[in-house]
2 protein chains.
Amino acid sequence: MTRQGTRPRMIGPMDSYSDRLQAVIAQRGALCVGLDPHPALLAAWELPDSVAGVERLVRTTVEALGDQVAAFKPQAAFFEVWGSAGLQVLETVIGEAQAAGALVIVDAKRGDIGSTMTAYARAYLGDGPLAGDAVTLSPYLGFGSLEPAFAAAEAHGRGVYVLTRTSNPEGGTVQLATDPSGQTVAQTMIDQARQRNLMTGLDAIGLVIGGTHESLGVDLTGFTGSVLIPGIGAQGGTMAGARQLMTGASVTALPTVSRSVLAAGPSPARLRATALDLLSQ
Amino acid sequence: MTRQGTRPRMIGPMDSYSDRLQAVIAQRGALCVGLDPHPALLAAWELPDSVAGVERLVRTTVEALGDQVAAFKPQAAFFEVWGSAGLQVLETVIGEAQAAGALVIVDAKRGDIGSTMTAYARAYLGDGPLAGDAVTLSPYLGFGSLEPAFAAAEAHGRGVYVLTRTSNPEGGTVQLATDPSGQTVAQTMIDQARQRNLMTGLDAIGLVIGGTHESLGVDLTGFTGSVLIPGIGAQGGTMAGARQLMTGASVTALPTVSRSVLAAGPSPARLRATALDLLSQ
């Protein structure tokens with residue numbers, strides 16, 4: 001996004017996800033805070049391992065950081081543990097984060113085919129109460145199977161992040177397997193996302209690439225979308241390392257920190273100080 | 001499962017998923033009915049495209065078929081469209097199906113790493129209100145990343161179905177990619193599931209293999225778990241074809257039919273007749 005003059009163009013909800021993401025990063029810096037209310041964190045906050053505990057943790061975090069960070073990434077699993085009651089908390093927190101001016105990337109890693117994939121697209125990128133600004137997708141059924149989500153994201157100014165190359169040790173057994181030409185599965189995801197973004201000009205298709213690799217092992221040349229980089233902090237990646245990983249690529253990098261920010265709570269002041277510290281690294 | 005004498009051993013909730021599945025198949029035949037309340041089906045039933053419509057469709061189906069079929073496979077996406085209200089319907093329908101003696105395979109295709117995967121295991125294979133008898137899993141992050149779900153299934157007499165070789169055309173780009181020894185991703189899933197089942201003796205790890213392939217292209221030799229075979233009916237597979245596909249393998253095949261059963265509704269008698277007809281094929 002280029003701007004002319006001193007007054008930035010107003011970015012509204014009908015702009016593309018890419019424009020909205022770049023605008024909020026320009027204002028607040030590139031940091032996404034993961035909302036992972038897992039039992040050990042609840043205990044550290046002296047909260048019960050219950051849906052009430054989850055609600056308290058995530059709403060406190062969003063209240064403290066909602067006007068400070070570019071995006072939140074609620075991890076669906078920790079809400080699904082509590083069934084419909086947990087999903088009600090997720091719906092609330094999506095609305096509160098957006099009201100505070102942050103984007104919401106629902107980390108649901110959904111992936112299916114046909115009318116089922118269309119239903120996931122409707123749920124997370126359409127008119128469903130769980131729809132945020134973007135959703136993560138898992139492509140075991142092939143990049144093309146996710147098409148209904150791509151179309152929904154592009155139509156509604158939202159984004160998707162396709163799992164591409166993750167930081168866990170077992171990830172390579174799938175992601176580094178090769179097609180007959182010798183190209184890896186991960187590289188095929190990048191190439192197909194790049195082509196789709198070039199075709200639409202919307203950059204609605206982002207990638208998830210783990211932040212703990214020493215080198216990427218994939219080629220991001222020409223990819224113009226956004227890259228979500230989890231694994232910063234508790235999992236061993238650093239903000240500087242995440243930027244380094246993307247050197248030379250013209251992507252919008254969005255480092256994501258979960259545990260090491262949340263561990264600073266429940267004090268709102270300490271949550272804010274920890275996020276500020278990460279933004280200065 | 002082998003039985004001696006004429007009185008079958010009573011199978012209770014503390015038995016392994018594999019034992020419970022084989023017992024219900026012995027009584028009712030091998031048929032799993034998918035619960036996919038998508039908009040076109042709701043319209044065909046003259047129901048509104050709303051959470052009330054979804055509830056009516058799935059509860060009517062479970063009431064009609066709950067004492068007749070081995071298992072139901074609710075498709076999570078169609079409930080998630082309606083957020084927490086939809087998940088409340090899913091919770092209800094899981095309980096009603098189990099109360100009628102059918103097993104419930106929640107088709108959620110979840111997959112993640114570490115404490116997030118542990119949370120999904122708790123949600124769908126532990127004490128969460130969304131836990132059925134089994135859940136489908138998506139292994140883009142590697143078979144090993146799903147370990148918390150395997151452990152939970154084995155500990156609680158439940159099962160998992162790992163996406164292996166699907167019937168959609170794009171599936172091969174990931175599932176038929178090869179490791180340096182030339183083995184496909186799909187075959188690696190089978191081999192790792194086989195090894196795990198042999199190690200535990202519980203056969204808690206099943207596979208999802210699409211029913212529309214002419215030949216499998218993978219080797220199920222020695223795999224002793226259960227194989228969920230979607231794609232029967234509307235997607236072009238047949239019950240006979242599904243059995244043929246498994247010829248020579250010592251698996252517990254569970255053909256799954258969704259649209260072509262549900263399209264027979266809302267008449268309970270027609271739903272029952274359609275399921276009976278499939279069981280006789």
Side-chain angles (χ1 to χ4, degrees), chain A residues 36 38-40 75-78 80-91 107-120 122-124 126 128-130 138-145 163 166-180 184-185 188 235 259, chain B residues 36 38-40 75-78 80-91 107-120 122-124 126 128-130 138-145 163 166-180 184-185 188 235 259:
Chain A
D36 296 26
H38 65 86
Q75 185 64 263
F78 295 106
E80 291 174 39
V81 164
W82 308 103
S84 55
L87 272 281
Q88 213 160 15
V89 174
L90 179 54
E91 291 169 7
D107 197 352
K109 299 187 176 65
R110 298 300 192 258
D112 213 297
I113 61 173
S115 66
T116 305
M117 194 62 219
T118 300
Y120 279 131
R122 184 178 178 191
Y124 293 97
L130 293 171
S138 183
Y140 187 80
L141 305 178
F143 184 88
S145 67
L163 285 181
T166 59
S167 50
N168 63 308
E170 313 88 353
T173 57
V174 174
Q175 299 153 24
L176 299 183
T178 55
D179 69 13
T184 63
V185 165
T188 297
Q235 287 178 53
R259 318 300 157 93
Chain B
D36 297 25
H38 64 87
Q75 187 63 267
F78 295 104
E80 291 173 40
V81 163
W82 308 103
S84 55
L87 273 281
Q88 212 159 17
V89 174
L90 180 54
E91 292 169 10
D107 198 352
K109 298 187 176 65
R110 298 300 192 261
D112 213 298
I113 61 173
S115 66
T116 306
M117 193 62 220
T118 301
Y120 279 131
R122 185 178 177 191
Y124 294 96
L130 294 170
S138 183
Y140 188 80
L141 305 177
F143 184 88
S145 67
L163 284 181
T166 60
S167 50
N168 63 307
E170 313 88 352
T173 57
V174 173
Q175 298 153 22
L176 299 182
T178 55
D179 69 14
T184 63
V185 166
T188 297
Q235 288 177 53
R259 318 299 158 94

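Protein chains get the first letters and strands the later ones, always in sequence-line order, with residue 1 at the start of each.
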S.K.: Looking only at heavy atoms, what is the nearest atom pair of B/A108 and A/Y120, with distance?
M.R.: O-OH, 3.6 Å

S.K.: Determine whether B/Y140 and A/Q175 make a side-chain contact, defined as any pair of heavy atoms from C-beta on separated by less than 4.5 Å.
M.R.: yes

S.K.: When heavy-atom pairs shorter than 4.5 Å are enumerated against chain A, which of B/G83, B/G128, B/G172 gives the highest number?
M.R.: B/G83

S.K.: Among the options A/T178, A/D179, A/D107, A/T184, pick out the one with the most heavy-atom pairs lying under 4.5 Å from chain B.
M.R.: A/T178

S.K.: Rounded to the nearest 0.5 Å, what's the gap from CH2 on A/W82 to CG on B/L130? Could you check?
M.R.: 12.0 Å

S.K.: If you look at every heavy atom in A/R259 and B/S115, which pair is closest and at what distance?
M.R.: NH1-OG, 2.7 Å

S.K.: Kindly say whether A/L141 contributes a backbone atom to a donor-acceptor pair with the side chain of B/N168 at under 3.5 angstrom?
M.R.: yes

S.K.: Within the side chain of B/E91, is there an N or O that forms a donor-acceptor pair under 3.5 Å with the backbone of A/S84?
M.R.: yes

S.K.: Side chain, backbone, both or neither: which part of B/I113 has a non-hydrogen atom closer than 4.5 Å to chain A?
M.R.: side chain

S.K.: How far apart are the closest heavy atoms of B/G142 and A/T173, and which atoms are they?
M.R.: CA-OG1, 3.7 Å

S.K.: With a 4.5 angstrom heavy-atom cut-off, could you sort out which part of B/P39 is near chain A: side chain, backbone, both or neither?
M.R.: side chain

S.K.: Using a cut-off of under 4.5 Å on heavy-atom pairs, state which of B/D112, B/V89, B/D36, B/T188 scores highest against chain A.
M.R.: B/D112

S.K.: Roughly how far, to the nearest 0.5 Å, is CG of B/L90 from CG of A/L87?
M.R.: 10.0 Å

S.K.: Ignoring hydrogens, what is the shortest heavy-atom contact between A/P139 and B/V174? Give both atom names and the distance.
M.R.: O-CG2, 3.4 Å

S.K.: Got a salt bridge between A/E80 and B/R110, using NZ or NE/NH1/NH2 to carboxylate O under 4.0 Å?
M.R.: yes

S.K.: Measuring only between side-chain heavy atoms, which start at C-beta, is A/F78 closer than 4.5 Å to B/R122?
M.R.: no

S.K.: Keeping A/Q75 on the side-chain end and B/T116 on the backbone end, is there a donor-acceptor pair under 3.5 Å?
M.R.: no

S.K.: Mind ranking A/A76, A/A123, A/A77 by heavy-atom pairs under 4.5 Å with chain B and telling me who comes out on top?
M.R.: A/A77

